[in-house]
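A short write-up of the structure that comes next.
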Amino acid sequence: MRIFTSTDDAPLSDRRPAVTMGVFDGVHLGHQAIIRQLRLAASKIGSPSLAITFSPHPRQALGRAAPPGICSLEKRLELLSAAGLDAVWVLPFTAEFARRSGRDFAEAYFHLRLNAGAVVLGEGASFGCGREGNARTLAEWAKPWNMLVENVPHLVMDGTVVSSTAIRLAIQAGNLDRAAAFLGRLPSVQGTVVHGQGHGAKLGFPTLNLDPHHELRPPPGVYLTRTVLDGVTYPSLTNIGRPPTESEIEAGLRDFLIETHLLDFGTDVYGRDAEVFFIQKTRDVMHFPLIDDLVKQVQHDLEDARVWFASHREA
């Protein structure tokens, strides 16, 4: 998949691409349905498929609080590539960009810049100032441009529209099964392995301390997880919690920690990226007055984890 990042680009305009557009945070099953329809449209007109996405999130560019990201931009591009797109155009979203009318954007980008042969948009997609543009208005504007316009209905599962918002709410509530059903995969956190305080190693349970690449994470607790490191997947146990002492907070630690113990793995991996996939929660965060009590609980957690993974090798 080719990736374009400059506003000066006019990706694949000589080939009249089939185009879709959206933030695509999470690249969930609803997004994948749009991409499948896009690929069909591209095949119909004999053109490559192209998705326009944005960075930063449009709300952030407008000075408003952006929703916590389900995944990083890097992961988003990886998922879009896996969905079978030929190209992605990452447009920098600015306040000036947001002031364009829907019709102006459609003419400037879909028609003049991209020379799109087809545009495929999801039911909830909109663009331009005041959310003026959508599949229906674009179909009217595009009549002189010899451009096919298609609308993809919402994907509904269990009576709920599959959306990034629904997935965020599920993950934040700890409803991992619902999030996984909507994503089509286990929810995950991607990040870089950084140095922690070394408490786990001192107790005999070394952990990878993750500096996340995006904001969204499950609530505090201990989780059965699978961790991907350098393309290899390891069974793991992950704790999400806050720094346990005031001194650690004062030392500049984040307001929460993601600590992952890879079962039977102890290689130094600082500075490398990892992705932790959350399977299920095993218990809430607990506080122990004595170190011996903590060690016993962690030993119990790890024994349970090994038993679970031994009987769920494909989970």
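Note that the structure is predicted; figures quoted are calculated from it, not measured. The figures that follow rest on heavy atoms only: side chains count, while hydrogens, waters and symmetry mates do not.
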Review point. Where do Gln190 and Ser188 land on the side chain to side chain donor-acceptor pair (under 3.5 Å) test, with the steps shown first?
Key: CA-CA 7 Å; Gln190 311 96 43; Ser188 65; 3.2 Å; yes
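- In this structure, Phe4 has no ring pair (Phe, Tyr, Trp, His ring centres under 6.0 Å) partners at least two apart in sequence or on a different chain.
- Here the closest non-hydrogen pair linking Ala142 and Val149 is CB-CG2, 4.0 Å.
- With no hydrogens or angles considered, a side-chain donor-acceptor pair links Thr225 and Ser236 at under 3.5 Å.
- Under the 4.5 Å side-chain heavy-atom criterion for grouping Ile, Leu, Val, Met, Phe, Trp and Tyr, Met286 is connected to Val298 within one hydrophobic cluster.
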Practice item. List the steps, then state whether side-chain contact (heavy atoms from CB on, under 4.5 Å) holds for Ile279 with Phe309. Key: CA-CA 11 Å; Ile279 301 169; Phe309 279 112; 3.8 Å; yes
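- No hydrogens or angles considered: nothing links the side chains of His111 and Asn115 as a donor-acceptor pair under 3.5 Å.
- Residues Leu237 and Ala305 share a closest heavy-atom pair of CD1-CB, 4.2 Å.
- Within a 6.0 Å radius of CD in Glu74, other residues, nucleotides and ligands contribute 12 heavy atoms or fewer.
- Under a 4.0 Å N-O distance rule, the pair Glu303/Arg306 does not qualify as a salt bridge.
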Check your understanding: Yes or no on side chain to side chain donor-acceptor pair (under 3.5 Å) for Arg168 and Ser163, after CA distance, side-chain angles and deciding distance?
Key -> CA-CA 9 Å; Arg168 289 187 195 101; Ser163 67; over 6 Å; no
Side chains of residues 79-90: which donor-acceptor pairs under 3.5 Å do they make with residues two or more places apart or in other chains?
unit_1: Asp86; atom_1: OD2; unit_2: Ser49; atom_2: N; d: 2.8
unit_1: Asp86; atom_1: OD2; unit_2: Ser49; atom_2: OG; d: 3.2
unit_1: Trp89; atom_1: NE1; unit_2: Ser6; atom_2: O; d: 2.9

Exercise for review: Could you give me the CA-CA distance, side-chain angles and deciding distance for Asp301 and Arg283, then say whether salt bridge (charged side-chain N to carboxylate O under 4.0 Å, His left out) is met?
Suggested key: CA-CA 9 Å; Asp301 292 338; Arg283 65 172 174 84; 2.7 Å; yes
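- At distances below 3.5 Å, at least one donor-acceptor pair connects side-chain atoms of Thr20 with backbone N or O atoms of Val120.
- Hydrophobic clustering of Ile, Leu, Val, Met, Phe, Trp and Tyr side chains at less than 4.5 Å, counting indirect connections, unites Leu50 with Met147.
- Each of Cys71, Pro67, Pro68, Pro187 was scored for a side-chain contact (heavy atoms from CB on, under 4.5 Å) with Leu216, with one residue passing: Pro68.
- Arg16 CZ: more than 12 foreign heavy atoms inside a 6.0 Å radius.
- Listed by chain and number, the residues in a ring pair (Phe, Tyr, Trp, His ring centres under 6.0 Å) with Phe182 amount to none (sequence neighbours excluded).
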Exercise for review: Could you walk me through whether Gln32 and Arg36 pass the side-chain contact (heavy atoms from CB on, under 4.5 Å) test, one step at a time?
Suggested key: CA-CA 6 Å; Gln32 293 172 40; Arg36 284 195 299 273; 4.0 Å; yes
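- Residues satisfying the side chain to side chain donor-acceptor pair (under 3.5 Å) test with Ser101, not counting sequence neighbours, are none.
- Note on Glu132 versus Arg100: no salt bridge recorded, every NZ/NE/NH1/NH2 to OD/OE distance being 4.0 Å or above.
- Put simply, Trp145 and Met21 are part of the same group of oily side chains (I, L, V, M, F, W, Y) that touch within less than 4.5 Å, one to the next.
- In this structure, Leu229 and Ala274 approach most closely via the heavy-atom pair CD1-CB, 3.9 Å.
- At distances below 3.5 Å, at least one donor-acceptor pair connects side-chain atoms of His312 with backbone N or O atoms of Trp308.
- With a 4.5 Å cut-off on side-chain heavy atoms, Thr53 and Arg76 count as touching.
- The aromatic rings of Phe127 and Phe105 lie tilted to each other, with the angle between the two planes from 30° to 60°.
- Heavy atoms from other residues, nucleotides or ligands lying under 6.0 Å from CG of Asn146 number 12 at most.
- Although no hydrogens or angles enter the test, the distance criterion places a donor-acceptor pair under 3.5 Å between the side chain of His214 and the main chain of Ile70.
- Contacts of Gln172 classified as side chain to side chain donor-acceptor pair (under 3.5 Å), with partners at least two apart in sequence or in another chain: none.
- How far CZ of Arg185 is from CG of Leu29: 8.5 Å, rounded to the nearest 0.5 Å.
- If you take CZ on Phe277 and CG on Leu183, they are separated by 10.0 Å, rounding to the nearest 0.5 Å.
- Taking a 6.0 Å sphere around CZ of Arg15, one finds it holds 12 or fewer heavy atoms contributed by other residues, nucleotides or ligands.
- Shown here for Gly133 and Trp141, the closest heavy-atom pair between the two residues is CA-CH2, 3.8 Å.
- Partners of Asp158 according to the side chain to side chain donor-acceptor pair (under 3.5 Å) rule, which considers only residues two or more places apart in sequence or in another chain, do not exist here.
- The closest donor-acceptor contact from the side chain of Thr192 to the backbone of Asp211 lies at 3.5 Å or more, if one exists at all.
- What you find for Gly241 and Pro220 is that their closest heavy atoms are CA-CB, 4.5 Å.
- Hydrophobic clustering (side-chain heavy atoms under 4.5 Å, transitive across Ile, Leu, Val, Met, Phe, Trp, Tyr) groups Tyr234 together with Phe278.
- Without hydrogens or angle criteria, Ser55 side chain to Pro92 main chain gives no donor-acceptor distance under 3.5 Å.
- One finds the CZ atom of Arg226 at 9.5 Å from the CG atom of Leu263 (value rounded to the nearest 0.5 Å).
- Using modelled atom types, no side-chain atom of His154 and backbone atom of Val161 make a donor-acceptor pair closer than 3.5 Å.
- From Thr260, atom OG1 reaches atom CD of Glu275 across 11.5 Å, with rounding to the nearest 0.5 Å.
- Under the 4.5 Å side-chain heavy-atom criterion for ILVMFWY residues, a single connected hydrophobic cluster contains both Val276 and Val269.
- Contact detail for Ala41 and Ala18: the closest heavy-atom pair is C-CB, 4.4 Å.
- For Arg136 and Glu123, the salt-bridge test passes: some basic side-chain N is under 4.0 Å from an acidic carboxylate O.
- A donor-acceptor pair under 3.5 Å is absent between the side-chain atoms of Ser47 and the main chain of Ala42, judged by distance alone.
- Taken to the nearest 0.5 Å, the CG atom of Leu294 stands 8.5 Å off from the CD atom of Gln297.
- Rounding to the nearest 0.5 Å places OG1 of Thr207 at 4.0 Å from CG of Asn209.
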